[in-house]
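One structure below.
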2 protein chains.
Amino acid sequence: MSTETRRPAEKKLTRKGQETRRRIVAAAAQLMYERGVTEATLEDVRAAAGVSGSQIYHYFADKQALLLAVIEHQTEAVLGMQESLFADLDSMAGLRRWRDALVEYQRRLQCRGGCPIGSLGSEVAETNPEARLAVASGFLRWETAIRDGLRAMHARGELDGDPDDLALATLAALQGGLLLTQIQREVRPLEVALDSMLDHIESRVKRP
Amino acid sequence: MSTETRRPAEKKLTRKGQETRRRIVAAAAQLMYERGVTEATLEDVRAAAGVSGSQIYHYFADKQALLLAVIEHQTEAVLGMQESLFADLDSMAGLRRWRDALVEYQRRLQCRGGCPIGSLGSEVAETNPEARLAVASGFLRWETAIRDGLRAMHARGELDGDPDDLALATLAALQGGLLLTQIQREVRPLEVALDSMLDHIESRVKRP
DNA sequence: CAAAAAATGGGTTGTCCAATCCAGAATCTG
DNA sequence: CAGATTCTGGATTGGACAACCCATTTTTTG
């Protein structure tokens, strides 16, 4: 169950090989996002990636190894998409812009799909310890990004209360809002959850 | 796809039949909670319920019909467990007691399992419209219970702000807190998420 | 209590899917 | 450019699982 066992072709990867591997992960990520991990068959992934036969097993030991790659891929995708907004999370204006972007993104998706990381996490949490830890690590990075902003505000003396707690609570509000939005197919839960949390933060901001 | 098609033996049910059906639903609920819907096989359910062979198909048309029964069963279980606490959600003390009970319950479970309704919802949301609506209806009842408490406070003139929005945000905080708690195997996310939300509500309470 | 209806047991079938194998093509490396 | 390595294609296998069938037993009902 070592890493080498799980990723047979990690050592040497041709440029073409890297590209093929990338296509497989991207296709798998999309399908697992749309249908869930267990409902996304490797045959579907194969077809969507435009590869054939044993390609997947050339790059991944088994479906589990592919899943772990997908979790990392989705973490990068989700955090990457917010990267430019993370820089401004040290002000209420920046927090509100971040909130608006998240809401607008869900609206564009017609409230479908939920959080790419959270959905994976919920599915694997009780049956797949390794995958659960990978998701936990993704959430930790997300939490850290929010925390950095609030800590900066706190360090400047603009924010009362524990910035670490507020960051974790904000991530929780976001996840809960996304889940309810996904299930109700309305953006309101996400809007209200984030607004309440940001209002709470603002109530602890000392106007200079 | 009518109701009769889906539940062959709805019309007449012997006392013994009701008991058997109940055992099947309870076993299925437990297994789907522990392993997820797709990973819980009907063979597992059969064995856990202590019935044999075609019993399940005698009471349910297919796995989908059983899943819908499980969603309703879990909704009753989750709301039933909180019923005594719901009555006091019209005061900060009652809200805090409710928060304590939820946290304590997760602690007893060692942070495993997450929310029985939320987990199901996340799994079925994109692939099973009928099940998604059943989960949405469960969440609505939950939201309503919280809303009733906050509305009462608001009606008495003790609470500023929209009680409906606060109720929805509270449910979102709870769901997000449960998800993060499940994935991190620590109660802190749930504690912090609920505390932040209740602090926010309290900041809008006018002390009499 | 007798006929009808409901409940139970176990076996079967067909499908789907993860995983494996081997042969041949493309690409890298010395 | 030649030998080695990596990449690709297609075919196959073995197991698991949802769904179905029929015969037997138990319970209900008139």
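The figures that follow rest on heavy atoms only: side chains count, while hydrogens, waters and symmetry mates do not.
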Requested in this report: May I ask you to evaluate whether Y59(B) reaches the phosphate of dT8(C), defined as a side-chain N or O under 4.0 Å from OP1 or OP2?
Outcome: yes
Query - Side-chain heavy atoms of T75(B) within contact of I117(B), under 4.5 Å - result: yes
Requested in this report: Using atom NE2 of H58(B) as one end and atom C1' of dT26(D) as the other, report the distance to the nearest whole Å.
Outcome: 11 Å
Report task. Examine dA19(C): is either OP1 or OP2 under 4.0 Å from a nitrogen or oxygen in the side chain of Y57(A)? Give yes or no. Result -> yes
Query - Student check: side-chain heavy atoms of W98(A) and I146(A) closer than 4.5 Å - result: yes
Query raised in the report: Between Q55(B) and E43(A), who's closer to the 5' end of DNA chain C by nearest nucleotide?
Result: Q55(B)
**Report entry** Contact check, side chains of L166(B) and H200(B), non-hydrogen atoms, under 4.5 Å
**Finding:** yes
Query raised in the report: Q18(A) has an atom CD; how far is it from atom P of dT8(D), in whole Å?
Result: 12 Å
Query raised in the report: Hey, is the side chain of S52(A) pairing donor to acceptor with the base of dG10(D) inside 3.5 Å?
Result: no
Query raised in the report: Do I56(A) and V45(A) touch side chain to side chain, with heavy atoms closer than 4.5 Å?
Result: yes
Query raised in the report: Rounding to a whole Å, what distance do you find between K63(B):NZ and dA16(D):P?
Result: 15 Å
Query raised in the report: Does a nitrogen or oxygen in the side chain of T20(A) sit under 4.0 Å from OP1 or OP2 of dT8(D)?
Result: yes
